[in-house]
Amino acid sequence: MSTNVLSYFGVLDELIQVVYQGFDRFVVLSQVTESAWSIYLGLKGPEGRWWRGSWSTKHIINITNGVQSDQVLENFAEKLRTAFVNGDLTIGEWTEKDSNINLTFGPTTKHPLHMALKELSAAEAASHATTVFTEIALQAQSRKCQLNPLFSSRNVTVIAESSHANSGLPSPLSTLIQVPVPAVNQAAERKIKALEAELARSKERSPSGDTISNPSACSRPPKGASLANPNKKARKYQAIEFESDED
């Protein structure tokens, strides 16, 4: 019976959502196993606080007033999933000092549902965070270890340089980082390259001016100018004639 009831809650497995409440931001993770439906709630901040709550088969049957029909259980699970995906969630009884709070589904509806959450210890919180990151890493292996599957496989190499790049010594922090580029940027990049190539060809075909075709015309000094100083006229010297001894 336990497996049959929770099998309808498979739509709530591996869901994740962000809840903003005041100045605080929470991450909510939903997980379904054969024995219970569990919620993990993490508070963004330096303390790394986590809470956990769960509903067993007995708890679910109590909420449905003992009704275990397929339609009732399916509708109930779908209602919870819709509230989760749409972000229709709030953190109840929340203060920074309280360790026991609750997660409310559909707070604006006539019959909101509350799941009690108990704060985890520091060791439990760290263990859960490690488990989540391990699952993320395993899933990323199927897409060549890309953390975000929404980007294309084409990458651009970016060089990350340390502050000592100009010291003349090899930097231990200099690495090659593969940054994924969206596919939409690839088409734009091809258009830019095509325009650059067309611009280069048009410059090669453009006619040259007289100054460029006949550079010697500008460098030759004007007629009658001094070779030493082209801005001044050359001096004219009159030849000296000597009288003959016979005269």
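The figures that follow rest on heavy atoms only: side chains count, while hydrogens, waters and symmetry mates do not. Please read all numbers here as calculations on a predicted model, not as lab measurements. If you read the sequence from its start, that first residue is 1, and numbering goes on from there.
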A quick test of your reading: do over 12 heavy atoms of other residues, nucleotides or ligands sit less than 6.0 Å from CG of Leu147? no

Should [X] and [Y] be counted in the same cluster of Ile, Leu, Val, Met, Phe, Trp and Tyr side chains packed under 4.5 Å apart?
{"X": "Val132", "Y": "Leu43", "answer": "no"}
{"X": "Trp50", "Y": "Leu89", "answer": "no"}
{"X": "Tyr8", "Y": "Ile60", "answer": "yes"}
{"X": "Val19", "Y": "Leu113", "answer": "yes"}

How long is the gap from [atom1] on [X] to [atom2] on [Y], to the nearest 0.5 Å?
{"X": "Met115", "Y": "Trp51", "atom1": "CE", "atom2": "CH2", "answer": "16.0 Å"}
{"X": "Ile39", "Y": "Leu15", "atom1": "CD1", "atom2": "CG", "answer": "8.0 Å"}
{"X": "Asp13", "Y": "Thr33", "atom1": "CG", "atom2": "OG1", "answer": "8.5 Å"}
{"X": "Phe133", "Y": "His128", "atom1": "CZ", "atom2": "NE2", "answer": "10.0 Å"}
{"X": "Ile101", "Y": "Glu93", "atom1": "CD1", "atom2": "CD", "answer": "9.0 Å"}

Quick one: does any side-chain atom of Ser7 pair with a main-chain N or O of Asn4 as donor and acceptor, under 3.5 Å? yes

Test your reading of the model: is there a side-chain donor-acceptor pair from Gln139 to the backbone of Ile136, 3.5 Å cut-off? no

Ignoring hydrogens, what is the shortest heavy-atom contact between [X] and [Y]? Give both atom names and the distance.
{"X": "Ser38", "Y": "Ser54", "answer": "OG-CB, 3.5 Å"}
{"X": "His114", "Y": "Thr104", "answer": "ND1-OG1, 2.9 Å"}
{"X": "Gly106", "Y": "Ala83", "answer": "N-CB, 4.3 Å"}
{"X": "Asn148", "Y": "Arg143", "answer": "C-NE, 4.4 Å"}

Could you check whether any side-chain heavy atom of [X] comes within less than 4.5 Å of a side-chain heavy atom of [Y], counting everything from C-beta outward?
{"X": "Trp55", "Y": "Ile63", "value": "yes"}
{"X": "Glu34", "Y": "Leu6", "value": "no"}
{"X": "Tyr20", "Y": "Val18", "value": "yes"}
{"X": "Asn100", "Y": "Leu117", "value": "no"}
{"X": "Phe9", "Y": "Thr57", "value": "no"}

Show me, pair by pair, the donor-acceptor contacts under 3.5 angstrom made by side chains of residues 22-32, not counting sequence neighbours?
unit_1, atom_1, unit_2, atom_2, d
Asp24, OD2, Trp94, NE1, 2.9
Ser30, OG, Leu12, O, 2.4
Ser30, OG, Trp37, NE1, 2.8

Qualifying salt bridge (charged side-chain N to carboxylate O under 4.0 Å, His left out) pairs, either residue in residues 105-120, two or more places apart: Arg49-Glu119

Quick note, salt bridge (charged side-chain N to carboxylate O under 4.0 Å, His left out) partners involving residues 69-87, not counting sequence neighbours, are Glu78-Arg81

Which Ile, Leu, Val, Met, Phe, Trp or Tyr residues join Leu138 in one cluster when any pair of side-chain heavy atoms under 4.5 Å counts as a link? none

Co-members of the apolar cluster containing Val67 [side chain, <4.5 Å]: Val72

Sequence neighbours left out, what passes side chain to side chain donor-acceptor pair (under 3.5 Å) with Asp88? Give chain and number order. none

